[in-house]
Amino acid sequence: MSRLAKRFEHLRAENRAALVTYIMASDPDTATCQALLNGLPGAGADIIELGMPFTDPMADGPAIQAAALRALAAGGSVANTLAMVRAFRTVDSGTPLILMGYYNPVYRWGPEKFCRDAAQAGVDGLILVDLPPEEVEEILPFAKANGIDFIFLTAPTSDDARLPVIVGAASGFVYYVSIAGITGTKSASHDAIADAVTRIRRHTDLPVCVGFGITTPEKAAEVARVADGAVVGSAIVDVLSKQGGAAALDLVRRLADGVRGTRKGS
Amino acid sequence: MSSVNSYRLGPDERGHFGIFGGRYVAETLMPLILSVESSYAGAKADPAFEAEFHTLLAQFVGRPNPLYPAKRLSEAWGGARIYLKREDLNHTGAHKINNCVGQILLARRMGKKRIIAETGAGQHGVATATVCALFGMECVIFMGATDIERQAPNVARMKLLGAEVRPVTSGRATLKDAMNDALRDWVSTVDTTYYLIGTVAGPHPYPAMVRDFQSVIGEEVRTQILAAEGRLPDSLVACIGGGSNAMGLFHPFLDDAGVRIIGVEAAGHGLESGEHAASLTGGKPGVLHGNRTYLLQNDDGQIQEAHSISAGLDYPGIGPEHSWLFDSGRVEYVAITDDEALDAFQQCTRLEGIIPALESSHALAHAGKIARDLGKDHVMVINLSGRGDKDLDSVLRALNARSQGA
């Protein structure tokens, strides 16, 4: 069983949702970022998304755009990101880790080689923001062959005709982008999120995690009542850039308190 | 797509030209992209749409524009007989308006009320603001903060036309960042907004759609050269940034094997300097802004900045159909430096009384290089894609720098 499946099984037994935390690899530099990454499980992150820096993050708001530029200035690269995952796996073998980013660096690395190298480094899943189901065949077989879950995004614009196309190719979990917009800008209402999760669940048995616009422990707790995971990215990245790694871990602890204190359906 | 009998059949139903093109966009945009595609397919099949497009091209843009026999340039270059396709005489001064007229009609057909667009030098921004004024649509133009400073007259034009010019400060505040921010806006405003892309790039159907609207250039040339010479031209030359004026000229001739076709990229300070905008001759295939195409990028797949004296060529990518034509060998792609373009700019101005855009000057420069060897029976058509009024500041600055350096 994959780390992701195992983690969700465990969470189901606890009747609670996952806290999924996002940070950008090599932001603000590789050493600081590695310390933060290694500290995330202890602070309460159930699943980790590690961003792969890219010059042109078209789906991201100001916080993650800035993080990508800081990471690249500090030498961030595909090779560095994979090295960070390998180092993480020497201290943590149980926490699922997902790489999230844009397709071009992966394409240049070579889709097959990338999936092989990522799996060997200890990566469990992959989110490529600009690779919709229409284009995914060029990497999906290699992800499958290497035991990497390919996680698709669904959005408020994904209607009932489109949802089956998306979830049909998905594994691991389904990521619901709760707003029509970019990361770290606006937030969706609780009712809108609850309705969307219900609608997605009509099409799949996979866990549904919700992200974009979740910035506080309260909002994370609210999402944890209706979804299988709450994804927080920009808020952590923002605190990291303004107050450093210790403060970022502090925020993760508070987010975890919010999520862990919430029972599903409550 | 079959390359056996025709170069004009692409893209396939998924928007691919060979391995290039496609729809590499975030899921939030996919339903909208699919609806642009189906709306455009409907428009293409509707004779009323076609009729309205051509009426506007005639009455508003001023088409057909002339195919002008450039006798003094032909004489000076001492070889091929040169014709200039006068896109510079279009309303707003460049070929950009052809595509804007087509897309604004599509946006209306889709019931959209708000138009967004990216611009570098401001030519596409001005053309977009113009058609928005014509149809009373809200218009927001994304433009790099540094370009806003450098292109003050075009910024003023857009504002007079009623557009909001939104300064882009993300990334490195260039044309590519303006496109990023336009996409970020679009993802947040999908219900109301239509993205009017200015070149033959972006996700399917944009590369094919913009090509179709710009093909009026090549179709007119075909008629005009047959009238003037009684035969097809021996060669076509056009400059390439994203590649829309070139694709518009080339596409109707791709299957005429006797027509040599040459695209001219911007070599900036020289290909070896690393400061250029020659995506084909100096780049590698990659994925950006919704399509796979040749891109300027490092080994890690990070996109690099382009450089050209001409702001309109200053983009690190190129339309995917050009990438396919490059790999297939049907079109030759070459590169011209800033200095060579400047020389051609002055030569055309002095000899023909036509001030060409710096973009078009790249095409002129390459034509001037090869014309002598082609001989006097050779008929060459150069796309004079725009007029150079907008470039006077850049040209004077470059010429001053040159005279001080000398």
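From a predicted model like this one, the values you see are computed outputs, not experimental measurements. Naming convention: chains lettered A, B, ... in sequence-line order (proteins, then strands); numbering from 1 in each chain.
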How far does [atom1] of [X] sit from [atom2] of [Y], to the nearest 0.5 angstrom?
X	Y	atom1	atom2	value
Tyr24(B)	Glu138(A)	OH	CD	3.5 Å
Asp56(A)	His289(B)	CG	NE2	5.0 Å
Trp109(A)	Asp299(B)	CH2	CG	10.5 Å
Glu134(A)	Met30(B)	CD	CE	3.5 Å
Thr55(A)	Glu305(B)	OG1	CD	8.5 Å
Ile182(A)	Asp185(B)	CD1	CG	9.0 Å

Chain B heavy atoms under 4.5 Å from [X]: which part of the residue, side chain, backbone, both or neither?
X	value
Thr154(A)	backbone
Phe54(A)	both
Asp60(A)	backbone
Pro57(A)	both
Gln65(A)	side chain
Leu153(A)	both

Tell me, out of [options], who's got the most heavy-atom pairs with chain A below 4.5 Å.
options	result
Ser188(B), Pro203(B), Gly22(B)	Ser188(B)
Leu288(B), Leu295(B), Val190(B)	Leu288(B)
Ala182(B), Ala26(B), Gly15(B)	Ala26(B)
Val187(B), Leu183(B), Asp181(B), Leu32(B)	Val187(B)

**OP:** Would you indicate whether Asp160(A), at its atom CG, is surrounded by more than 12 heavy atoms from other residues, nucleotides or ligands within a distance under 6.0 Å?
**Re:**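 It does: Asp160(A) CG has more than 12 such atoms within range.
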Original post:
Is atom NZ of Lys186(A) surrounded by more than 12 heavy atoms (other residues, nucleotides or ligands) closer than 6.0 Å?
Top reply: yes
**OP:** Please report the shortest heavy-atom distance between Met58(A) and Asn180(B), naming the atom on each side.
**Re:**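 For Met58(A) and Asn180(B), the tightest heavy-atom pair comes out as CG-OD1, 3.1 Å.
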Subject >> Heavy-atom pair of closest approach, residues Thr28(B) and Ala155(A) >> reply: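 Scanning both residues, the minimum pair turns out to be OG1-CB, 3.4 Å.
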Does any backbone or side-chain atom of [X] lie under 4.5 Å from a heavy atom of chain A? Answer side chain, backbone, both or neither.
X	value
Ile33(B)	neither
Gln304(B)	neither
Asp191(B)	neither

For the pair [X] and [Y], find out whether any cationic side-chain nitrogen is under 4.0 Å from an anionic carboxylate oxygen.
X	Y	result
Arg108(A)	Asp300(B)	no
Glu137(A)	Arg14(B)	no
Glu27(B)	Arg162(A)	yes

Check: residues 119-129 of chain A side-chain donor-acceptor pairs under 3.5 Å, at least two apart:
{"residue": "Asp124(A)", "atom": "OD1", "partner": "Arg3(A)", "partner atom": "NH1", "Å": "2.6"}
{"residue": "Asp124(A)", "atom": "OD2", "partner": "Arg3(A)", "partner atom": "NH1", "Å": "3.3"}
{"residue": "Asp124(A)", "atom": "OD2", "partner": "Arg89(A)", "partner atom": "NH2", "Å": "2.8"}
{"residue": "Asp124(A)", "atom": "OD2", "partner": "Leu97(A)", "partner atom": "N", "Å": "2.8"}

Original post:
Which one of Ile179(A), Asp159(A), Ile166(A), Val177(A) has the most heavy-atom pairs closer than 4.5 Å to chain B?
Top reply: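 Highest number of pairs under 4.5 Å: Ile166(A).
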Any side-chain heavy atom of [X] within less than 4.5 Å of one from [Y]?
X	Y	value
Val25(B)	Asp130(A)	no
Ile303(B)	Asn104(A)	yes
Arg292(B)	Tyr103(A)	yes

